There are 2 protein chains.
Amino acid sequence: MKKIPQQERSRQMVGRIIEAGHAVLVRDGYDALSTNRVAAEAGVSPGSLYQYFPNKEAVIEAVVERYSDVLAERITASLADRIDDAGPAMVRPTIEALLDALEENAEFLRVIADEIPRAENSSRTEALEQRIVGLVGAYLAARRADLGDTRPSTAAWVMVRAIEHLTVRYVLEHPTIPREEFVSELVRLVAGYLPD
Amino acid sequence: MKKIPQQERSRQMVGRIIEAGHAVLVRDGYDALSTNRVAAEAGVSPGSLYQYFPNKEAVIEAVVERYSDVLAERITASLADRIDDAGPAMVRPTIEALLDALEENAEFLRVIADEIPRAENSSRTEALEQRIVGLVGAYLAARRADLGDTRPSTAAWVMVRAIEHLTVRYVLEHPTIPREEFVSELVRLVAGYLPD
DNA sequence: ATTGTATGCGAGCGATGACTCGTGTCAGCA
DNA sequence: TGCTGACACGAGTCATCGCTCGCATACAAT
């Protein structure tokens, strides 16, 4: 039974439930998340939870959505900021911003990337990726001469996927590569692929 | 109760169970896989299944292991074959081989990559990655002059992760990029990153 | 044949957890 | 103050599943 909150207290409740879901995911992990546990963590009864979420999946979706909205905000803002710069002047700060954003919530990122099946969030993840691919594609289209006969959309697809994955894995696996070295490598990777 | 099969028929049973697990994963998906269902699919009783597998997870592990052994075999063989070639002469056939191997079993790849939580197979996946990173790292170390001050191990980490992820996503998402174009892009990506 | 052992069976136990529903409470309004 | 509908509660229902155990059967050795 999906209701639209009409009173203030119920809107607070939705917030508390999302917050609790986040806490349970980080503290107990994805497998241990039950609607009963989320309700308990939120100090709310299971029945109340189901007044605002149709099922368990919807709760998780809401938690993930809140996180990825914040992330999307930061990334696209950072990208848009430097869309007029060229080459490394644009690439390096963007990668730094991405790494910062991911590291800030590394524990939750681990849950999303390693514990939740990818398919569960495919729609949300892909929407975010599509949005960034669009941005980067437009950027590349504006400087098409650089690319030879590579299509901008293709180049954007490759770049965005690669950078996203590499940064996420770097943050989660903490390989024995100093951050500075890692960033430089990514910049080199991008620069080699998009010659100017 | 993990038993070591002593008679021929029981060895056949283990094989049938693994085969059934594979079939259930592909046909019904990860969430729908129960030990009872696997047993039924194998034409075997649940009790018998537990004579050879300590728990459900072990069954899945065995199924995944069989798949990733085949994959590892093909990739490392292909890599080793061309370890003496230089530049694109080595890179392109390797990527082609990787794409071939992934496409051959795309349905099962989807289950592994999109439905099973990554953490479930981290040990197996990482072992495979480590092995390939080792191979590539050794290759790069042998031609260290090319890399400037980038450490071979770092370059290998970046390359292997990037190529693996991009090829998997390409196979699973079937973006509107022709295969030939995609391969050329990956070759360009590698060539740009590892100048010679 | 007979006995001992390995193998196989499948009904069912025990626990879990998503979700419901009957009951109670609170806020706002006349 | 009494009424009404939104809101909240939480014990309980119902189905699912991982896993066990007592028994049956096939096989090998003697």
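A quick note: this is a predicted structure, and the numbers were derived from the prediction, not measured.
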Starting at [atom1] of [X] and ending at [atom2] of [N], how long is that distance when rounded to a whole Å?
| X | N | atom1 | atom2 | answer |
| --- | --- | --- | --- | --- |
| Asp28(B) | dC17(D) | CG | P | 11 Å |
| Tyr50(A) | dT13(D) | OH | P | 18 Å |
| Lys56(A) | dA18(C) | NZ | C1' | 8 Å |
| Asp31(A) | dG18(D) | CG | C1' | 14 Å |
| Arg16(B) | dT7(C) | CZ | P | 14 Å |
| Asn55(B) | dT20(D) | CG | C1' | 14 Å |
| Phe53(A) | dG17(C) | CZ | C1' | 18 Å |
| Leu49(B) | dC21(D) | CG | C1' | 16 Å |

**Request:** Without swapping roles, check the side chain of Arg124(A) against the backbone of Glu65(A) for a donor-acceptor pair under 3.5 Å.
**Result:**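 The answer is no, because no donor-acceptor pair under 3.5 Å joins these two groups.
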
**Asked** Given that Pro46(B) and Thr35(A) both sit by DNA chain C, which one's nearest nucleotide is further toward the 5' end?
**Response** Pro46(B)

**Prompt:** Is the base of dG10(D) touched by the side chain of Ser45(A) through a donor-acceptor pair closer than 3.5 angstrom?
**Reply:**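 Per atom types, the contact qualifies.
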
**Prompt:** Between the base of dC19(C) and the side chain of Asn36(A), is there any donor-acceptor pair under 3.5 Å?
**Reply:** yes

**Message:** In this structure, is the centre-to-centre distance between the rings of Tyr67(B) and Phe108(B) below 6.0 Å?
**Reply:**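 They qualify: ring centres under 6.0 Å apart.
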
**Asked** Within a radius of less than 6.0 Å around CD of Glu181(A), do more than 12 heavy atoms belonging to other residues, nucleotides or ligands occur?
**Response**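 Yes, because the 6.0 Å sphere around CD of Glu181(A) holds more than 12 heavy atoms from other groups.
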
**Message:** Would you call the rings of Tyr170(B) and Trp157(A) parallel, tilted or perpendicular, taking 30° and 60° as the class edges?
**Reply:** perpendicular

